[in-house]
Structures are given as C-alpha cells and as structure tokens.
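Notes for the one structure printed next.
Hydrogens, waters and symmetry mates play no part in the numbers below; they use all other heavy atoms, side chains included.
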Amino acid sequence: MEKIYLYAMALGLMFASCEDFLTEYPKNKITPDDFFKTEREISLYANSFYEKDMPGVGVATGDGVADIMEVVSVSSYLTSGYGPDNQGGWSWSDLRNINYFIDRLKQSPVSDDIKNKYMGLAKFWRGKFYFEKVKTFGGVPYYDYCLEPDDEALYKPRDSREFVMDKVLEDLNEAVKYLTDKKDETCTTVTRYVALAMKARVCLHEGTFRKYHPEMNLPDADKWIREAALAAEELINSKQYKLLNTGEAEKDYRKLFTAENRVGVRSILDETIWAQVYDAEFRRWHDVTWKYNSATSGSRWSLTRSFVNTYLMRDGSRFTDKAGYETMTFPQEVKDRDCRLKQTIRTPGYKRIDKDKEITVLPDFTITLSGYHMMKWSLDNTFYDGQAEATNAMPIFRYAEILLIYAEAKAELGEFTSDIWNKTIKLLRERAGVNGKEPETADTYMQETYYPNISDKYLLEIRRERAIELIAEDRRYDDLMRWKAADLLAANRTKWEGIYIPKVNEGYDLDGDGKNDVCFYKGTKPSIAGVKFVQLGGNLTLSDDKSGYLVWGEAFQREWDDKKYLRPIPRNVRVINPALEQNPGWEEN
C-alpha cells in the first residue's frame, strides 16, 4: 500500500503547480519535502514521465496529415479558416513536472551516481519536451527551474529558437552522458541508446530545417547535421542493434509492427531501440487494429498511387521506368515489387484469421479510399477489428531510422560515399528483397513528383527510402516541414489518386486469379454475379469519365501557406501574456 501511495503521490505532482500542496499533511503520510530521500522514491516519481510523456498509438496513426496518405477528412490545419483561435498545444504541465523533479533531485541526499542517472533521465524528457514545442511554434519561453505562481518570468517574451535548441542539445548530451549503456531487454526504458537516437533525430530535424528555411536566418545548419551524423554513428558503432533480418524478405519488415505482448517483443529486440509495449497480462491494450479495419472508428488510412509508384522492383529498377506503368491494374502493379509494399498494404494472397479459420482477404472498399488498403500495424485476426484489445508494440525508435539518419546527414554534408550506401540504404533494401545497387542517375519521377529542388541522386534515394521504410510511423509530416516541402500537402500539388480502373460498370479482378471481385459503377447498378459493388459519385470519383484512377475528396479544401511552417501562438495565451510575439503571418486583426 505504501508503494501505491507513493506512486499516486508522484503522479499527482504532475498536476500540481510546483508546491501547490495543502499546508498541513496527515502525520502518517509523506510530505513533498520527505519524498526524494531514497532512490526508490526518486524512481517512483520518474515513472510519471513514462506514464504521461511516452508516445503511444499516435505513432501508428500520425501520418494522417501527410501527402502520401489519404484520409476520410482533412486536417483543419489545411483549411483557409485556421488561425490562432484554433491552435492548442501551449501546455506546460509536463515541463513543471520535469523541472520540479530536477529541483528536488538536486537537494536529495542520495549519492552522486544515483543523482546523475536520474538527472540524465529528466534531461532526456526535458529535451524531448522543448523539441516538440520548437517544432510547433519556433522560439518559446525557456525555463530550467520550477516556477512559483508569482514569478515574473511567467510573463516573459519568447526565447529565440537558437537559444532554446542549444538548451535542448545540452540536455540530450547530459542524457547520453549519464544514462545507462546497458541494453534494455524490454525496449521500454530510456537508456543511453534511446538518448542517442533522440539526439540523432532532433539534430537532423533542426539542421535540415535551418538549411531549407533560409528565410528564417537560422545559423549553424551544418553543425546540427554533423551532430546528427555523429550521434547516429556512435549508435551504429555500439553494435547493440541491427536490422531484424532472418532472410524472410516477405515477413521480416512487418514482424516489427505485429509483435505482441512482452514475449513477442523479444523477437524484435535486434532492431527496436525504444517502444511502447502493450500486454494482455497487465490489461494494457490499444485499438489500432480496430481503427485500421473500421469504416467509422478510424481515418480509413490509404496510400496514394503516386507514393506506391515509388516502391522499386525487386531487381532494383524503378517501377516508373516500366512501359505502361500508369495504367496497370492492381494485381499487375504490385507484382515483383519491394516486399515492404505487401507488408504495408493488402495485396493478393494476404490472409487473416476469422474465427479460427484462415481466410484470404482483398482490399475492402468500405474502408480503403484508394484501393491501397493499409495493414502495416493491423493484427491478422478479425477478432481485433471490433475490440480495443490489441497488444502489438509500437516501436518509437528503430535501428532502421538510425541508418536513414546517418545516410541523410552524410549526404547533406556532401560526405556520402559508396561505403555509406552499402552500410545503410543497401541493407534496408536487401532486407526487403530488393537489389541494393546504387542509382546510376537521379530519378526524374521523384524530382517531378516530390522534390523539384533536389538533384543529388543519392539524396533522392534516401528520401525515397525514408518514406517507404517509415510509412505510418508518424515521421512524414515532420520531414515535409524540415525539407520545406509541405506544399505537397495541398491539393494542387498532390492528388489523392488510387488504383487504376480500366472501365466503369464492369467487373474488376483484384487478385489476378481470372475471376472478378469488384465492380465500380455509376448510375444504375449493373447485373454482375459474384462481385462486390462500389458506387462512384460524391467524394469517390474517377480521374476520367469512364476509366481512370480512383479519386477521393477532390472537392476537399487542402491548402498550404508558408506561414504554416510554424503554428500560431494561441490567441488566449497572448491575452494572458502580451509579451509573446505572434509568428509571422498569423497576426490577429
């Protein structure tokens, strides 16, 4: 009971304003002044960081605001009416929790070794907190101590982005210095390797953001990119992690996203650096499979055709170099492709368990908007389609991302070599059954469709690889922000097109077995036996009248304005603290 009370008290501190406690305590209870006397008490409080701040199912659903994914409704951020009244995210309770811990830890009588270990942990969480704030708003007020309610610093102006990010780097360096270098066999603990992964991700984001946003006059882009390369290289050289590769190219990639419970997670320890782990024994479940297979509970996440086109052939050649690729039907276009494609969307031969019986399933057009039916995180049992009881882990950092960070950082620094290619991109492709040969020329499809300002053949391939490897892992939106490529979110840059339909009102063979499975029709439903019918009209149309690509939400408003690279400071926040300067372009009338 004492342990439960201490833990409840620790969690309660998150919601208190520093020392906002009653002035008198029951004599048989522990007061805040007594709480940090032992490592056990410190550890109980530190657990609150994991409970409150660790990413969860958002990892699997965050790419809903991205150019390569279609969703049932558009983010309000992409509409013209969005402004300071709509913006949230100006919450500081997590920071108060962290800074309170740091202030108390400094006064604790425990040994310096214990203090340093937990100080490293707190600095990790504070660095993560401020990185998320800077990504959202740019410069924000920086506080490295727990504020009192009457502290004048509560009403100070924003600190510069450069100042805050320097502090973030200091915190992450402290975390790397003091956290344990013992590999965590549960994937859930913040270790030195997790801190290195966070540092690599943060530094690459900041360095490339500064490089591709010259209008913001941010200095030292290369310094940050080099820090990313060094952090990734240190993690690689530790030899604690490697790609999960058993030689099963058609299965290995997806094993990372369907490993269940603590026992199953052990099978992905080679590659998974940090994860949110769910376990039926502890009644820790989530609803991602339900969301992925529901026409109402989820966002009906579906890949776009332009993105599917970027998956290479297994021989390493470009799909978009094939004659007639534009009008290939679904079973034709998914044949002999990068094996990650069939582990990301439903393709011919995909099987699930339904009431203890294995069944073959096709893309379900009550769910998919494009025909490219997402299943990367979905468990292969229909039981979970209506039950929030899934227990597959959510990897937050994978070794694959570290390889991609290292490759991109070296390419941005002009230091990319064939040796680096062989140690990064080639390994990722070979794990997916793709010939890992280097590109001979820059891919014009990638340039014209996504990155017209990029001519370096390696950088184009790294960006291709990053999008494919990390699809539906909540990385794409941040990538577009840092590359200054968020205009791809707008309807005039990226069409939400799906599979090619040769002719309406006729049967369509989805799996290439010679039998029709579905019929896309307009007007009166045709008389065709043995097929499912999909009516065209409203939000689901074709790119041409009687044939073409499935098009979802052509009338949806999806607009981009460069002011959106930084979100507005919420209006109510600036009413309380007028010293907070609004971000450019968001000034209230």
Inset, instruction - Mark yes or no for whether Trp586, through its side chain, and Lys563, through its backbone, hold a donor-acceptor pair below 3.5 Å. - result: yes

Inset, instruction - Using a strict cut-off of less than 4.0 Å between a Lys/Arg side-chain nitrogen and an Asp/Glu carboxylate oxygen, indicate whether Glu215 and Lys484 qualify as a salt bridge. - result: yes

Inset, instruction - Please determine, by modelled atom types, if Ser418 and Glu438 share a side-chain donor-acceptor pair under 3.5 angstrom. - result: yes

Legend entry - Check: Asn392/His286 side-chain N/O donor and acceptor closer than 3.5 Å: yes

Legend entry - Validation row: Met394, Pro55 side chains within 4.5 angstrom (heavy atoms): no

Inset, instruction - Determine whether the aromatic ring centres of Tyr450 and Phe307 lie less than 6.0 Å apart. - result: no

Legend entry - Carboxylate-amine/guanidinium contact Arg574 Glu587, below 4.0 Å: no

Inset, instruction - Can you establish whether the number of heavy atoms outside Lys437 located under 6.0 Å from its atom NZ is more than 12? - result: yes

Legend entry - Cationic N near anionic O, under 4.0 Å, Lys223 to Glu227: no

Legend entry - CG on Asn99 to CG on Asp94, rounded to 0.5 Å: 11.0 Å

Legend entry - Donor-acceptor pair between Tyr372 and Arg305 side chains, under 3.5 angstrom: yes

Legend entry - Passing candidate, side-chain hydrogen bond (donor to acceptor under 3.5 Å, both in side chains) with Tyr253, options Glu248, Arg431, Lys376: Lys376

Inset, instruction - Verify whether one side chain among Asp113 and Ser111 offers a donor that lies under 3.5 Å from an acceptor in the other. - result: no

Inset, instruction - Using atom types as modelled and distance alone, determine if a side-chain donor or acceptor of Asp252 lies under 3.5 Å from a backbone N or O of Gly247. - result: yes

Legend entry - Inter-residue atom distance Met69.CE - Trp301.CH2, 0.5 Å rounding: 8.5 Å

Inset, instruction - Could you tell me whether the side chains of Ser48 and Asn97 share a donor-acceptor contact shorter than 3.5 Å? - result: yes

Legend entry - Main-chain N/O of Cys146 paired with Asp103 side-chain donor or acceptor, under 3.5 Å: yes

Legend entry - Glu162 side chain vs Ser160 backbone, donor-acceptor pair below 3.5 Å: no

Inset, instruction - Using the side chain to side chain donor-acceptor pair (under 3.5 Å) rule, take Glu401 and Tyr406 through it: C-alpha gap first, then chi angles, then the decisive distance, then the call. - result: CA-CA 9 Å; Glu401 183 184 354; Tyr406 183 64; over 6 Å; no

Inset, instruction - Quick one: sort the Tyr142 and Phe163 rings into parallel, tilted or perpendicular, breaks at 30° and 60°. - result: perpendicular

Legend entry - Heavy-atom neighbours of Lys495 NZ exceed 12 at 6.0 Å: no

Inset, instruction - Ignoring hydrogens and angles, tell me if any N or O in the side chain of Asn583 forms a donor-acceptor pair with the backbone of Phe137 under 3.5 Å. - result: yes

Inset, instruction - State whether a side-chain donor-acceptor pair under 3.5 Å links Tyr278 with Glu260. - result: no

Legend entry - No-hydrogen, no-angle side-chain donor-acceptor test under 3.5 Å, Tyr130 and Arg126: no

Legend entry - Tyr445-Asn309 side chain donor-acceptor pair, cut-off 3.5 Å: yes

Legend entry - Electrostatic pair Arg398:Glu473 at N-O distance under 4.0 angstrom: yes

Inset, instruction - Mind checking the CG-OG1 spacing from Leu341 to Thr310? Nearest 0.5 Å is all I need. - result: 9.0 Å

Legend entry - Met375 side, atom CE; Ile345 side, atom CD1 - distance, nearest 0.5 Å: 9.0 Å

Inset, instruction - Describe, in one word, how the ring planes of Tyr241 and Tyr399 are oriented to each other, choosing from parallel (under 30°), tilted (30 to 60°) and perpendicular (over 60°). - result: parallel

Legend entry - Rounded distance (nearest 0.5 Å) linking atom CG of Leu566 with atom CE of Met481: 10.0 Å

Inset, instruction - Considering only NZ, NE, NH1 and NH2 on the basic side and carboxylate oxygens on the acidic side, decide whether Glu271 and Lys242 come within less than 4.0 Å. - result: no

Legend entry - Heavy-atom pair of closest approach, residues Ser455 and Ala442: O-CB, 3.6 Å

Inset, instruction - Report the relative orientation of the aromatic rings in Trp92 and Trp90; use parallel for angles under 30°, tilted for 30 to 60°, perpendicular for over 60°. - result: perpendicular

Inset, instruction - Classify the ring geometry between Trp274 and Phe397 as parallel (under 30°), tilted (30 to 60°) or perpendicular (over 60°). - result: parallel

Legend entry - Any donor-acceptor N/O pair, Gln87 side chain to Gly83 backbone, under 3.5 Å: no

Inset, instruction - Count the heavy atoms of every other residue, nucleotide or ligand shown that sit under 6.0 Å from NZ of Lys156, and state whether that count exceeds 12. - result: yes

Legend entry - Stepwise ring pair (Phe, Tyr, Trp, His ring centres under 6.0 Å) test for Tyr178 and Tyr118: CA-CA 8 Å; Tyr178 289 119; Tyr118 287 98; over 10 Å; no

Legend entry - Sidechain-backbone polar pair: Glu461 side chain, Pro439 backbone, donor-acceptor under 3.5 Å: no

Legend entry - Nearest heavy atoms of Lys564 and Thr79, plus distance in Å: NZ-O, 3.3 Å

Inset, instruction - Report the distance from atom OG of Ser302 to atom CD1 of Ile68, rounding to the nearest 0.5 Å. - result: 12.5 Å

Legend entry - Ring geometry between Phe209 and His213 (parallel below 30°, tilted from 30 to 60°, perpendicular above 60°): parallel

Inset, instruction - Answer yes if the side chains of Asp419 and Thr417 hold a donor-acceptor pair under 3.5 Å, and no otherwise. - result: no

Legend entry - Lys/Arg-Asp/Glu bridge criterion (N-O < 4.0 Å) met for Asp279, Arg262: yes

Legend entry - Asp63/Arg476 under salt bridge (Lys or Arg N to Asp or Glu O under 4.0 Å): CA gap, chis, key distance, verdict: CA-CA 6 Å; Asp63 272 358; Arg476 181 66 175 180; over 6 Å; no

Legend entry - Test item: Lys183 side-chain N/O and Gln240 main-chain N/O as donor-acceptor pair under 3.5 Å: yes

Inset, instruction - Mind listing the closest non-hydrogen atom pair of Asp443 and Arg464 along with its distance? - result: OD2-NH2, 2.6 Å

Inset, instruction - Please report the C-alpha distance between Arg158 and Glu581 in whole Å, then the side-chain angles of each, then the deciding distance to 0.1 Å, and finally whether the salt bridge (Lys or Arg N to Asp or Glu O under 4.0 Å) criterion is met. - result: CA-CA 7 Å; Arg158 300 161 66 181; Glu581 183 181 357; over 6 Å; no

Legend entry - Option passing side-chain contact (heavy atoms from CB on, under 4.5 Å) with Leu179 (candidates Thr191, Leu121, Asn116): Leu121

Inset, instruction - Verify the neighbour count for atom NZ of Lys342: are there more than 12 heavy atoms of other residues, nucleotides or ligands below 6.0 Å? - result: no

Legend entry - Heavy-atom check, side chain of Arg161 versus side chain of Val140, under 4.5 Å: no

Legend entry - Pair Glu408 + Arg463: basic N to acidic O under 4.0 Å: no

Legend entry - Test item: Asp338 side-chain N/O and Arg429 main-chain N/O as donor-acceptor pair under 3.5 Å: no

Legend entry - Residue from Tyr477, Tyr451, Tyr565 passing ring pair (Phe, Tyr, Trp, His ring centres under 6.0 Å) with Trp483: Tyr451

Legend entry - Pair Asp67, Thr494: side-chain N/O donor-acceptor within cut-off below 3.5 Å: no

Legend entry - Lys/Arg-Asp/Glu bridge criterion (N-O < 4.0 Å) met for Glu465, Arg340: yes

Inset, instruction - Say whether Thr136 and Arg567, considering side chains only, have a donor N or O and an acceptor N or O under 3.5 Å apart. - result: no

Inset, instruction - In plain terms, say whether Arg192 and Glu234 are close enough for a salt bridge, that is, a side-chain N and a carboxylate O under 4.0 Å apart. - result: yes

Legend entry - Side chain Gln582, main chain Ile569, donor-acceptor under 3.5 Å: yes

